[in-house]
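What's counted below: heavy atoms across the whole structure, side chains too, no hydrogens, waters or symmetry copies. In the text below, chain A, chain B and the rest are named by the order of the sequence lines, each starting its count at 1.
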Amino acid sequence: MEYTKQEFMAVTTGREIKDSELIIFGVGLPMLAGYFAKLNHAPNLRAFTEGGIYGSTPVGGLPWGIECNRISTNATSFTNAIDALGFLVLSGRADNAVIGAAQVDKYGNVNTTGIWDEPPWKAGKYLAPRVRLNGSGGASDISVGCKHYLIMASHEKRRFMEKVDYISSAGYLDGGDRRERCGFVGGGPSAIISTLGILRPDPQTKEFYLDAYFPFTTIDKVKENTGWNLKVSQDVKIVPEPTAEELKNLRTVDTTGFLRKNG
Amino acid sequence: MEYTKQEFMAVTTGREIKDSELIIFGVGLPMLAGYFAKLNHAPNLRAFTEGGIYGSTPVGGLPWGIECNRISTNATSFTNAIDALGFLVLSGRADNAVIGAAQVDKYGNVNTTGIWDEPPWKAGKYLAPRVRLNGSGGASDISVGCKHYLIMASHEKRRFMEKVDYISSAGYLDGGDRRERCGFVGGGPSAIISTLGILRPDPQTKEFYLDAYFPFTTIDKVKENTGWNLKVSQDVKIVPEPTAEELKNLRTVDTTGFLRKNG
Amino acid sequence: MQNKLMSIQEAVTTYTWDGMTYCNGAALPVGSCSIAFGKEMVKQGRKDLNVICHCGSQQINLLAAVGAVKRIEVGFSGLEVYGFAAGLNRAVVSGKTLIEDYSNGAMALRFFGGAMNWPFVPATVCIHNDQQWCSADHPDEYPCTRKIPEVTDPFTGKKYGAFRTIRPDVAAIHVTMADIYGNAIMLGTEWNRFEMSRASDKVVLVADQIVHTDCMRQYPNLVRIISEVVDAVVYWPYAAWPQSSPGLYDSDEDHMFYMNKMMKTEADTKEFCDQWVNSWNSHEEYMALIGKEKIEKISQTGTAFLMDPYRKWLRTDANIRELQDRKKG
Amino acid sequence: MQNKLMSIQEAVTTYTWDGMTYCNGAALPVGSCSIAFGKEMVKQGRKDLNVICHCGSQQINLLAAVGAVKRIEVGFSGLEVYGFAAGLNRAVVSGKTLIEDYSNGAMALRFFGGAMNWPFVPATVCIHNDQQWCSADHPDEYPCTRKIPEVTDPFTGKKYGAFRTIRPDVAAIHVTMADIYGNAIMLGTEWNRFEMSRASDKVVLVADQIVHTDCMRQYPNLVRIISEVVDAVVYWPYAAWPQSSPGLYDSDEDHMFYMNKMMKTEADTKEFCDQWVNSWNSHEEYMALIGKEKIEKISQTGTAFLMDPYRKWLRTDANIRELQDRKKG
């Protein structure tokens, strides 16, 4: 059965989600991965969005936003941002989440704010970026609050960096016990699902290493596309291909074929 | 036209309420005084209760509580305590309020918490009271937040004290600029309406003096029933008796005759 | 989604224990409160409770009267126009129950802070008065500086207070209607049930009515308590009696006065419990005790029209029993 | 109660000014936002705005594109699946608009703190990352310690951050339906419109529909924005277009992309304004511009059933016009 790399990535992300988790989704790829998990193997997933939309599944295609009518047609509750991002996320109550990243570094710090010729931490000042991105949205809240969370990112050297331009959402900061010393209630990112494979944090150093790669690539290619000296697990695995069942479920969620259009 | 002292007191309190004020009522006498004002001369009064009940007027008699169905039958909005006591009162937004007092002192501090043989401030410790009252409820919030507020109390020597046993709701504390130095956003009590007259705070010392007394009593009797050396205004007035119109309006609000039963 | 219907006995057995920190949502002196749940706690002999509520109610009045409340944090402990809470006040005056006073606004904000899992909540009230200076936990300190300590605003250097946040073990929250998964609609003021449902480790709903989930999907903005945070749903019509439930019934004026009067002494409290608490097990028995005439009277509420939009989604008793049985398996 | 109906022109003239602190509730990138109000602000030439919102939207995209936004505090500035906000990003990159980044959760809490009139809000997020270290107001300090300074928890001695609270001059809040007094019902997520309505000095409602107050009395728990805090009510169906309004219309996919594309350059922005902003005065002209076909298409929303309970209370255009005229006297 044929499938796109984006579909493979979504399925791979979905597999990281366990049944009954209290989980918050951002819009786009993360949402598709999440609702795929719910349909596929996690029927009791308690999913919600940043604005406080509960009990719903998308209708009529990928929602254009987390407050799109496509996610509002069959909700059991609409509350508000303080509830979703405050009471459920910042409090430490939510189990899991899926966020995106424009840049991610070896300690799982995420940048979704901007790109600089000389980033603030290097320049020692904060000037207008060369490229403005979106800001953190709820991802920064997720990064400090959720018990753990998943990062999805396109695996390119300019995106997988030794150090991101701007930390929008804190991962393990400088690594080691640095995050712990900050006192965040949440545990930090448990995996980076990239277009090439799965990276996980070393329990001690918190540096992300390659745990598994997709069958269409190689370890060398993954390393080439990584901006730091990527360590590889001794028992590195190949990510199992999506099953026919998984693809069927994913495509039920991705009604309008968002993941097929974008390769 | 005949009327009870409680009715006179309610009308007198109501007269202190101006049209269009954003005002919060506690239950009982304060609520009757407030809704009398709305009916009588303040049709645009924006009245609400602690639980966040807006736009309603009592139906079927005096509400048994601020969340009684009698005040819930014709509300335009039900919200919550944070909204009513936080956003509207503690924020400094509400203009006025009416609260009750078991004890009140010369600086307008109110006790609704308990009676001690030896009060905590004298004993230097906080032991169980001889008589437990109700606690402050929302009155403490009102005392720090509302632009100003009215206190209703039974004028007896044991209740009008030099210093209350326990400050549940701060008035002017030790007087002078003491309250101001506490940084409360609200201005403090503007009047004490007692069963004998109207007391108001001296602009400088903040000590309450007799501004007006009811026609059925005398200045001496008021002084006798006051636990501190009550000063009397140089142009002390006699409170005008309720008009027929005022009584009619009050009794429309006090459907079940609460104020007539209690003398 | 999981069917969370549970009998009141099982809910109390599972979700309450001696020494727990307990919240009786809504904790309204006259309105909605999970009173039937508190009675079942009395029946099961719970004690040493640490109760946290913005207001007292007949539930707390009863629990304190039987000596089950070791400590209470509260904003208002009375029964409004029905008078002082005789049972609670007896326990406080005797020293049996420690009472820590706050304002109602403070209690609501402390639940908010608990729901946020904040270290503290900025306090602009309960400072510079005896609510700050008197602490039942530190009776020998006056003025006490540990109950509501000072915090410095880093923007201006000015001093404010700081409240402890509230993270109860369990909240038993009265709601007008719930579905079997724990989504709930409240009619009337929420007080702080919304925040309480998020601040508590476990949440038991005590619902006057059970509705189909379609009702929630028609009115999602009304669903302020969500299945995602609810552990059990107890179906118990007239659960707030003798207090009121907007849309469903008024407070029972006679019984409100009578019950409070009986709380005045230990002997009368025992008599009251024999007659009104320990004498029923099933809901049918509970209803028989209140009596048909009384039920009819209090159900003639001026707020009844508030229920109209939801009536078509109400589940029948038979249907609910079936769902309850199905769950037991 | 006071009839607060007002034309969009009068509302913008009365309640907006150059240099003001402006909140565009709901500020949703795809959903409800008071977009028509922002267009009227462009028409009336407002400038030097200090905008505070949790999310960007096409309103902020447009206001920034025409150079009206001097400074913005925001959690998320994009248009979600519709892409980066081209107009805002152009203004940010060029240095025309200063941007101060927070998280969405932080923005909601800062509105809460503003509504409470707190000196600060405890911050457990936007600390130990660049949201704390980078401040557009203090660009020469890195790491900046003034934007989100440290506060010490007096209970544990641990360090947290402190957010500045938000007290906007004016919030123009989009709601599904309002009555003429300013009571309002929102369908769909509130985001932080509830808190915003209490934090703002002046509140203008931009309502897709006007209902009789009887609707509010039937559903008081849905009335989260209250007349007590509202200054003006603007009746403007399809006020959020090209974004969506749950229960009433979906987002206009073509126009969302088109509008954003036009914001990329100054010239195209001008062309866009000529055609879509400056070309209408009356609501009839606004509707004609969108076009009947488009209106029909976006109105075929899967959420339409959410409006069903309220339809019988909708006021007609003729009735609303009459009420508006009566007010003018």
Side-chain angles (χ1 to χ4, degrees), chain B residues 27-28 49-53 59-60 62-70 72-73 78-82 84-86 89-90 109 111 113-114 120-121 123-141 143-145 166-170 173 179 182-185 258, chain C residues 28-32 54-55 74-82 84 88-89 92-95 99 101 103-109 112 124-131 133-136 139-142 144 158 187-195 244 246 250-251 253 256 301-303 306:
Chain B
V27 87
T49 70
E50 284 186 27
I53 302 183
V59 168
L62 178 71
W64 289 101
I66 48 164
E67 74 285 3
C68 179
N69 283 354
R70 286 179 177 173
S72 301
T73 45
F78 297 130
T79 64
N80 52 48
I82 284 188
L85 290 175
V89 170
L90 287 175
N109 301 300
N111 175 18
T113 303
W121 58 266
K125 53 182 141 189
Y126 176 60
L127 302 173
R130 177 166 55 81
V131 179
R132 165 73 192 178
L133 304 171
N134 283 332
S136 79
S140 176
D141 304 301
S143 76
V144 305
Y166 178 110
I167 303 180
S168 314
S169 302
L173 297 158
R179 182 186 167 96
C182 290
F184 296 147
V185 65
F258 180 82
Chain C
L28 299 177
V30 173
S32 293
H54 52 108
C55 281
V74 71
F76 181 87
S77 65
L79 299 172
E80 305 195 65
V81 180
Y82 289 115
F84 296 117
L88 176 63
N89 287 8
V92 168
V93 168
S94 73
I99 191 160
D101 280 286
S103 74
N104 279 350
M107 293 307 292
L109 290 166
F112 181 91
T124 58
V125 65
C126 304
I127 54 175
H128 307 295
N129 75 350
D130 278 298
Q131 292 171 322
W133 302 325
C134 292
S135 169
D140 293 331
E141 291 178 28
Y142 186 93
C144 181
K158 278 193 204 161
L187 300 183
T189 162
E190 286 179 5
W191 268 97
N192 49 29
R193 285 179 277 183
F194 177 62
E195 294 79 15
S244 65
D250 289 333
S251 63
E253 298 173 14
M256 283 295 285
T301 171
T303 60
L306 289 175

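- Counting heavy atoms from C-beta on, the side chains of C:Cys55 and C:Asn104 come closer than 4.5 Å.
- Using a 30° and 60° split on the angle between ring planes, C:Tyr142 and C:Trp133 fall in the perpendicular class, above 60°.
- The shortest side-chain heavy-atom distance between B:Val131 and C:Val93 does not fall under the 4.5 Å cut-off.
- Ranking B:Gly135, B:Gly65, B:Gly137, B:Pro120 against chain C, the residue ahead of the rest is B:Gly137, based on heavy-atom pairs under 4.5 Å.
- A donor-acceptor contact shorter than 3.5 Å links the side chain of C:Ser77 to the backbone of B:Asn134.
- Comparing C:Thr189, C:Leu187, C:Val81, C:Asp130 by heavy-atom pairs within less than 4.5 Å of chain B, the highest count is held by C:Asp130.
- Using a 4.5 Å cut-off on side-chain heavy atoms (C-beta onward), B:Leu173 and B:Asn109 make contact.
- Among B:Val27, B:Ile82, B:Val89, the residue making the largest number of heavy-atom pairs under 4.5 Å with chain C is B:Ile82.
- With chain C as the partner, the residue from B:Ser169, B:Pro63, B:Ala81 showing the most heavy-atom pairs under 4.5 Å is B:Ala81.
- When each of B:Gly52, B:Ala128, B:Gly124 is checked for heavy-atom pairs under 4.5 Å with chain C, B:Gly124 comes out on top.
- Most heavy-atom pairs under 4.5 Å with chain B: of the set C:Pro29, C:Ser94, C:Ser251, C:Gly95, this distinction falls to C:Pro29.
- Judged purely by atom type and a 3.5 angstrom limit, C:Asn129 uses its side chain to pair as donor or acceptor with the backbone of B:Ser168.
- With a threshold of 4.5 angstrom between heavy atoms, C:Thr301 approaches chain B through side-chain atoms but not through N, CA, C or O.
- The backbone N or O of B:Leu85 lies less than 3.5 Å from no partner atom in the side chain of B:Asp141, so there is not a single donor-acceptor pair.
- Between chain C and the residues B:Gly28, B:Gly138, B:Ala84, the most heavy-atom pairs under 4.5 angstrom are made by B:Gly138.
- In this structure, the portions of B:Ile167 lying under 4.5 Å from any heavy atom of chain C include both its backbone and its side chain.
- Contact of C:Ile127 with chain B is made through backbone and side chain together, with heavy-atom distances under 4.5 Å.
- Looking at C:Ser32, there are no atoms closer than 4.5 Å to chain B (heavy atoms on both sides), in backbone or side chain.
- Contacts of B:Ile53 with chain C are made by side-chain atoms alone, with heavy-atom separations under 4.5 Å and no backbone atom involved.
- Looking at B:Ser72, the atoms closer than 4.5 Å to chain C (heavy atoms on both sides) sit in the backbone and in the side chain alike.
- Using a 4.5 Å heavy-atom threshold, the side chains of B:Leu133 and B:Tyr166 count as separate.
- Relative ring orientation between B:Phe184 and C:His128 is described as perpendicular, the plane-to-plane angle rising above 60° on a 0-90° scale split at 30° and 60°.
- In this structure, B:Tyr126 and C:Glu141 have side chains that are not in contact, with every pair of non-hydrogen atoms separated by 4.5 Å or more.
- Ranked by non-hydrogen atom pairs under 4.5 Å with chain B, the options C:Met256, C:Glu190, C:Glu195 are led by C:Glu190.
- Contact annotation for C:Cys134: both backbone and side-chain heavy atoms come within less than 4.5 Å of a heavy atom of chain B.
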Next on the checklist: Show, in sequence, the C-alpha distance, side-chain angles and deciding distance for B:Phe78 and C:Leu306, and conclude whether the side-chain contact (heavy atoms from CB on, under 4.5 Å) test is met.
Outcome noted: CA-CA 12 Å; B:Phe78 297 130; C:Leu306 289 175; 4.1 Å; yes
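- In this structure, no portion of B:Arg179 lies under 4.5 Å from any heavy atom of chain C.
- Ranked by non-hydrogen atom pairs under 4.5 Å with chain B, the options C:Leu88, C:Thr124, C:Leu79 are led by C:Thr124.
- Under a 4.0 Å N-O distance rule, the pair C:Glu80/B:Arg70 does not qualify as a salt bridge.
- Of the listed residues (C:Cys126, C:Pro246, C:Ala106, C:Cys144), the greatest number of heavy-atom pairs within a distance under 4.5 Å of chain B belongs to C:Pro246.
- For chain B, the option among C:Tyr82, C:Phe194, C:Phe112 with the highest count of heavy-atom pairs below 4.5 Å is C:Tyr82.
- In this structure, chain B has heavy atoms under 4.5 Å from both the backbone and the side chain of C:Ala136.
- Under the 4.5 Å side-chain criterion, counting only non-hydrogen atoms from C-beta, B:Val144 is in contact with B:Leu90.
- For C:Leu28, the parts lying near chain B are the backbone and the side chain together; criterion is any non-hydrogen pair under 4.5 Å.
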